[in-house]
Number of protein chains: 2
Amino acid sequence: MAKQRSAAAQERLQQIVDAAVEIINEDGYSGLSLQAVADRVGITQPGVLHYVGSKKGLLNEVIEYYYDTHDGAVEYLKLFEPGQLFEGKQPKIPEYCRLLVEQNAGRRELVMLFQVLNTEAISPKSPAHEYFNKRSRNISNPEVDHHWAVPAGVDAQLTASCAMAAMYGLEGRWLARPDEIDYMAEWAKWEDVLFPLPLWEGYR
Amino acid sequence: MAKQRSAAAQERLQQIVDAAVEIINEDGYSGLSLQAVADRVGITQPGVLHYVGSKKGLLNEVIEYYYDTHDGAVEYLKLFEPGQLFEGKQPKIPEYCRLLVEQNAGRRELVMLFQVLNTEAISPKSPAHEYFNKRSRNISNPEVDHHWAVPAGVDAQLTASCAMAAMYGLEGRWLARPDEIDYMAEWAKWEDVLFPLPLWEGYR
DNA sequence: GTCTATACAAAGATAGAC
DNA sequence: GTCTATCTTTGTATAGAC
């Protein structure tokens with residue numbers, strides 16, 4: 001009985017988070033109001049506060065949700081760790097990127113959420129500032145070495161960092177003009193720029 | 001007499017725009033309040049409205065200011081047009097990018113403004129949506145052909161588009177963590193990724 | 001768990017005095 | 001050109017009933 005109630009509450013919370021994500025994608029976190037969330041969920045504004053405590057609390061829930069949902073392509077890298085399927089082999093940057101793009105292409109809303117929050121988090125005043133900085137560091141930090149398989153003379157970390165930046169930039173265009181830009185198709189073309197072919201033969 | 005008044009008014013407007021840019025960089029356009037602008041300028045909130053008419057009007061002034069100030073690297077391309085200094089020669093993508101990065105490195109505030117407004121403009125609800133979409137199209141549109149000098153077999157338009165996206169991504173990291181990231185130095189390294197050296201010899 | 005009622009602050013905008 | 005005064009709406013948050 002208690003379990004059923006808790007499950008219902010969990011679902012309510014999920015509804016609230018979903019609504020918040022939609023609104024953030026339209027108006028940003030600054031433009032988000034608890035009343036707007038309440039309206040979409042179909043309860044009152046104090047009803048929303050009952051679940052998240054405060055507006056900041058709602059953002060925390062949203063970020064947590066994002067974190068839980070969005071880290072799927074990391075699975076690829078795990079396959080190369082000791083004791084896993086591809087132990088001994090090395091992951092390839094282009095392959096990893098392709099996987100990420102493919103995945104993101106089907107999660108437009110989540111990609112948008114990331115871009116919006118990430119940009120608002122540029123400002124130190126943003127409640128998400130610390131969180132996104134830490135996250136960004138993981139991408140561009142030289143310490144993060146996945147032992148990529150790359151052609152001789154190529155700096156793996158540099159290439160990966162640059163590729164992720166280009167991906168981010170392309171995502172922005174795709175989000176703003178989904179009808180004009182084919183995210184996956186465009187990325188496929190960019191592979192020839194980032195990983196030119198005689199050189200990267202066998203490393204893609 | 002009338003001219004002096006007009007000059008003073010023009011300066012006031014500039015103060016207002018400057019204040020707005022600062023605040024947008026901290027809180028975004030959604031988080032911008034006319035009162036906050038008024039406080040920084042040292043007049044009242046209706047005083048601000050007297051100059052810009054409405055909040056949307058203020059945004060228009062800000063965008064106009066950005067447009068007037070931020071398009072300096074286009075000068076480089078003009079040098080290659082008929083009747084100009086480098087007529088007959090061809091512009092180089094890496095050189096153009098280097099110029100742009102160099103310029104942007106000294107205009108952190110303006111770069112931030114662009115990223116913040118550009119991201120908010122992802123949403124069709126944003127008052128700047130149309131403006132930034134048009135702008136983005138100019139970067140990624142195949143019609144914009146500057147007759148770049150590129151190595152044989154290289155797709156100039158594709159390379160330029162990808163490079164601009166990578167630059168945008170790098171800018172985002174630099175803006176969020178200026179102490180950790182050296183924008184120009186990092187871009188210099190990325191040149192080896194985007195324009196690898198045996199191939200691009202003489203085209204940089 | 002959800003509601004009503006309410007407090008309180010801040011938003012954008014207008015009217016009109018000086 | 002700048003102000004005060006004011007209207008109206010919207011924001012976050014709390015208290016307490018059901």
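The shown structure was predicted, so the numbers you read here are calculated from the model rather than taken from an experiment. So that the names make sense, note that chain A is the first sequence line, chain B the second, and so on, each numbered from 1.
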Length of the [atom1]-[atom2] vector between [X] and [N], whole Å:
X       : N      : atom1 : atom2 : answer
A:His50 : D:dT12 : NE2   : P     : 18 Å
A:Ile16 : C:dG1  : CD1   : C1'   : 11 Å
A:Ile23 : D:dG11 : CD1   : C1'   : 14 Å
B:Leu49 : C:dT14 : CG    : P     : 8 Å
A:Lys55 : D:dT14 : NZ    : P     : 15 Å
A:Tyr29 : D:dT12 : OH    : P     : 8 Å
A:Leu32 : D:dT10 : CG    : C1'   : 13 Å
A:Leu58 : D:dG11 : CG    : C1'   : 14 Å

Going by distance alone, is a donor N or O of one side chain under 3.5 Å from an acceptor N or O of the other, for [X] and [Y]?
X        : Y        : answer
B:Thr119 : A:Thr119 : yes
A:Thr69  : A:Arg107 : no
A:Glu64  : A:Asn60  : no
B:Tyr51  : B:Glu61  : no
B:Asn104 : B:Glu171 : yes

In B/S/- notation, 5' to 3', how is nucleotides 3-8 of chain C contacted by protein heavy atoms closer than 4.0 Å?
BBB---

salt_bridge([X], [Y]) N-O dist < 4.0 Å:
X        : Y        : answer
B:Arg137 : A:Glu180 : yes
B:Glu22  : B:Arg40  : yes
A:Arg204 : A:Asp192 : yes

Nearest listed nucleotide, side chain of [X], among [options]:
X       : options               : result
A:Gln35 : D:dG11, D:dG1, D:dA13 : D:dG11
B:Ser33 : D:dT2, C:dG1, C:dG12  : C:dG12
A:Leu34 : D:dG1, D:dA13, C:dA13 : D:dA13

Are the aromatic ring centres of B:Phe114 and B:Tyr66 under 6.0 angstrom apart?
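When the ring centroids of B:Phe114 and B:Tyr66 are compared, they turn out to be within the sub-6.0 Å range.
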
Quick check: on DNA chain D, is the nucleotide nearest A:Gly53 upstream (toward 5') of the one nearest A:Gly31, or the reverse? Name the residue that is more 5'.
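The residue closer to the strand's 5' end, by nearest nucleotide, is A:Gly31.
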
Would you list the protein and nucleotides 16-18 of chain D atom pairs, both N or O, that sit under 3.5 Å from each other?
none

